[in-house]
Amino acid sequence: MNGGDDEDVVVAAASGDQSPPLQWRFSQVFGERSAGEEVQPVDMISAIEFDHSGDHLATGDRGGRVVLFERSDAKHSSGGARRDLEETDYPVRHPEFCYKTEFQSHDPAFDYLKSLEIEEKINKIRWCQTANGALFLLSTNDKTIKYWKVQDKKIKKICDVNADPSGAVGNGIVANGVPGANISSLRLPVVVTSHESSPVAKCRRVYPHAHDYHINSISNNSDGETFISADDLRINLWNLEISNQSFNIVDVKPEKMEDLSEVITAAEFHPTHCNMLAYSSSKGSIRLIDLRQSALCDSHSKLFEEPDAAGSKSFFTEIIASVSDIKFAKEGRYLLSRDYMTLKLWDINMDSGPVSTFQVHEYLKPKLCDLYENDSIFDKFECCISGNGLRAATGSYSNLFRVFGVSPGSTETATLEASRNPTRRHVPVPSRPSKIGSILSRGGSESAATGVDGNSSNALDYTTKLLHLAWHPNENLIACAAGNSLYMYCA
């Protein structure tokens with residue numbers, strides 16, 4: 001449970017000298033829309049995921065499409081000794097990506113038994129282990145999970161044809177009215193395999209009919225053989241090779257639905273221990289379970305939740321406490337969670353409370369009624385953590401996202417906008433995050449409200465929200481979705 005040698009490296013880095021704050025700058029954009037261009041709902045990006053090596057990036061959209069990108073920078077190009085010498089004279093280049101391929105993962109469907117339409121929107125994408133030069137990934141919509149294989153195939157071309165195709169019309173008659181008048185002998189065409197290749201996506205397996213409610217999470221196991229899928233009330237365990245059978249390992253459905261008090265909001269496997277996973281709930285708690293304890297994990301190994309704060313509770317207390325996303329750090333010791341108001345860092349060896357709490361939407365407290373009326377209070381913001389575990393990021397409104405230093409003693413924080421000029425919005429720098437027993441926001445709510453929302457020039461737009469983002473596993477590179485555009489920022 002301690003994460004092995006990798007954990008020692010990360011913990012040592014976190015407890016040592018503080019690294020200087022990162023200076024974020026724009027790197028790339030894909031699908032940038034022009035001023036005034038209307039974005040179609042089916043083109044909105046709904047999922048982002050880097051693979052474990054960081055060489056590939058996948059996005060899913062509301063139209064059921066999956067788009068793949070691959071690294072194209074000098075680090076992965078040929079050049080030999082000369083390139084190595086050039087890299088000693090110039091700063092290290094950050095990852096650059098290029099378009100690879102796209103495919104239609106899901107289509108609209110209809111559940112005739114429940115008379116419900118199933119939209120094609122991609123909820124989650126997870127990369128699987130590569131094999132024989134092929135890429136494998138899982139994608140899911142509300143009901144069905146699919147296992148995809150993407151591999152470069154040699155392009156086959158037809159050649160050695162002695163008929164002139166330019167002289168033929170629709171029915172095969174040549175222009176002068178006499179078929180094959182200029183051909184002395186007709187040769188059969190030859191199919192030749194070209195040196196060029198093109199990526200081809202093929203659906204290997206479909207995992208249907210296992211969830212009565214909408215799937216909100218899928219997560220790969222470190223054993224490379226199994227994965228989990230979670231909906232509001234159940235978590236199922238699958239084997240990648242078996243598509244017609246899954247095992248229910250968590251079931252929070254009560255005997256009477258009137259007694260339902262909380263639902264599952266996210267689930268994630270531990271990155272190194274194949275027997276451990278965590279799932280969050282709408283009440284703000286996170287449960288760590290051990291698959292070795294029992295086949296049905298009704299009881300948890302550890303429960304992580306915020307101690308009840310003194311003071312009166314309001315109608316919105318439970319709504320804003322609901323956890324929308326959880327992510328394990330790379331070494332598995334720390335767990336990051338995001339609720340509507342805050343970003344929290346947890347130590348899985350300490351269940352008394354979060355290690356740090358970072359205020360993201362503190363200035364929105366006076367506007368909870370308005371946010372409830374327009375349903376914005378139910379927005380599910382994702383979070384991500386850097387490969388070295390020293391920083392975390394999450395999204396906000398007006399296509400803003402925030403980066404926090406999460407190592408002990410760090411005061412680093414940055415607010416950036418998903419645009420070509422990420423620092424054009426002047427947002428006040430919040431203060432140090434809170435620790436256990438001292439719940440202090442990064443910056444007071446009054447100053448935050450005045451600087452971010454009170455100023456008409458910096459008023460937040462609740463219709464543009466940055467919900468999805470991912471951190472490169474090895475580099476300081478963040479990919480985030482703003483509508484139908486994919487922005488990348490490096491530091």
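Residue numbers run from 1 in the order of the sequence given.
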Any sub-3.5 Å donor-acceptor pair from Asn123's side-chain atoms to Ile215's backbone N or O? yes
Of the non-hydrogen atoms in Asn484 and Gly31, which two are nearest, and what is the gap between them? ND2-O, 3.7 Å
Note: Asp142-Lys121 ion pair, threshold 4.0 Å (strictly below): no
Can you give me the closest heavy-atom contact between Cys98 and Ser72, atom names plus distance? SG-CB, 3.7 Å
Which atom pair, heavy atoms only, marks the closest approach of Gly389 to Val406? O-CG2, 3.3 Å
For Phe97, does its backbone N or O pair with a side-chain atom of Gln28 as donor and acceptor, under 3.5 Å? yes
Decide side chain to side chain contact (heavy atoms under 4.5 Å, CB included) for Asn399 and Lys465; before the verdict, give the C-alpha distance in whole Å, the side-chain angles of both, and the deciding distance to 0.1 Å. CA-CA 5 Å; Asn399 284 338; Lys465 56 197 76 171; 5.8 Å; no
Assert yes or no for the condition that the ring centre distance of Phe136 to Tyr147 is strictly below 6.0 Å. yes
Would you call Glu262 and Lys283 a salt bridge, taking side-chain N to carboxylate O under 4.0 Å as the test? no
State, with a plain yes or no, whether a side-chain heavy atom of Trp346 is found less than 4.5 Å away from one of Ile286. yes
Within the distance-only criterion (no hydrogens, no angle test), does the side chain of Glu37 pair as donor or acceptor with the backbone N or O of Ser34 below 3.5 angstrom? yes
Set out, in order, the CA-CA distance, both residues' side-chain angles and the distance that settles side chain to side chain contact (heavy atoms under 4.5 Å, CB included) for Leu371 and Tyr462, then state yes or no. CA-CA 9 Å; Leu371 295 167; Tyr462 301 111; 3.9 Å; yes
Do the ring planes of Phe381 and His361 sit parallel (below 30°), tilted (30 to 60°) or perpendicular (above 60°)? perpendicular
Under a 4.5 Å cut-off applied to non-hydrogen side-chain atoms, are Asn236 and Ile228 in contact? no
Interatomic distance, Ser337 atom OG to Leu343 atom CG [nearest 0.5 angstrom]: 7.0 Å
For Lys365, salt bridge (charged side-chain N to carboxylate O under 4.0 Å, His left out) partners two or more places apart: Glu362
Looking at His273 and Met276, would you say the former's side chain and the latter's main chain have a donor-acceptor pair under 3.5 Å? no
For the aromatic rings, using the six-membered ring if either is Trp, is the centroid distance between Trp148 and Phe103 under 6.0 Å? yes
Do the side chain of Arg338 and the main chain of Gly395 share a donor and acceptor less than 3.5 angstrom apart? yes
For residues Trp238 and Tyr207, establish whether the separation of their ring centroids is below 6.0 Å. yes
Testing the 3.5 Å rule here: is there a donor-acceptor pair between the side chains of Tyr334 and Glu331? no
Taking all non-hydrogen atoms of both residues, which atom of Gly54 and which atom of His472 are closest, and how far apart? O-NE2, 2.9 Å
Going through the distances and angles, do Ser376 and Tyr397 end up as a side chain to side chain contact (heavy atoms under 4.5 Å, CB included)? CA-CA 10 Å; Ser376 294; Tyr397 294 105; 3.5 Å; yes
Would you please indicate yes or no on a ring centroid separation below 6.0 angstrom for Phe378 and Tyr340? no
Shortest non-hydrogen pair, Arg391 vs Pro20, comes out as NH2-O, 3.5 Å
Let's go through Leu486 and Ile48 carefully: what are the C-alpha distance in whole Å and the side-chain angles of both, what is the deciding distance for side chain to side chain contact (heavy atoms under 4.5 Å, CB included) to 0.1 Å, and is it a yes or a no? CA-CA 9 Å; Leu486 175 67; Ile48 302 178; 3.9 Å; yes
With a 3.5 Å cut-off and no angle check, do the side chains of Ser285 and Arg287 form a donor-acceptor pair? yes
Do Ser398 side-chain atoms and Leu400 backbone N/O form a donor-acceptor pair below 3.5 Å? no
Just so I know, are the side chains of Phe358 and Thr342 near enough to count as touching, which here means a heavy-atom distance under 4.5 Å? no
On a heavy-atom basis, the closest approach of Pro473 and Phe50 is CD-CB, 3.9 Å
Answer with yes or no whether the side chains of Ser229 and His211 bring together a donor and an acceptor at under 3.5 Å. yes
Give a yes-or-no answer on whether the side chains of Arg402 and Thr415 include a donor-acceptor pair shorter than 3.5 Å. yes
Do the side chains of His106 and Ser139 get nearer than 4.5 Å, heavy atoms only? yes
Is the shortest side-chain heavy-atom distance between Leu291 and Ile249 below 4.5 Å? yes
Return yes if some donor-acceptor pair links the side-chain N/O of Ser386 with the main-chain N/O of Leu390 below 3.5 Å, else return no. yes
Side chain proximity check, Leu137 to Leu68, heavy atoms < 4.5 angstrom: yes
Are any of the side-chain nitrogens in Glu49 or Arg126 under 4.0 Å away from the carboxylate oxygens of its partner? yes
Just one of Asp339, Thr265, Asp325 clears the side chain to side chain donor-acceptor pair (under 3.5 Å) bar with Ser280, so which one? Thr265
Would you call the rings of Phe69 and Phe30 parallel, tilted or perpendicular, where under 30° means parallel and over 60° means perpendicular? tilted
Is Asp231 reaching over with its side chain to a backbone N or O of Ile235, donor-acceptor style, under 3.5 angstrom? no
Quick one: are Lys344 and Glu306 in side-chain contact, heavy atoms under 4.5 Å? yes
Between Glu120 and Arg65 (salt bridge meaning N to carboxylate O under 4.0 Å), is one present in this structure? no
Hey, does Ile145 have a side-chain heavy atom less than 4.5 Å from the side chain of Phe227? yes
Any donor-acceptor pair under 3.5 Å from His270 side chain to Gly332 backbone: yes
Check whether any side-chain N or O of Asp351 sits under 3.5 Å from a backbone N or O of Phe304 as a donor-acceptor pair, and report yes or no. no
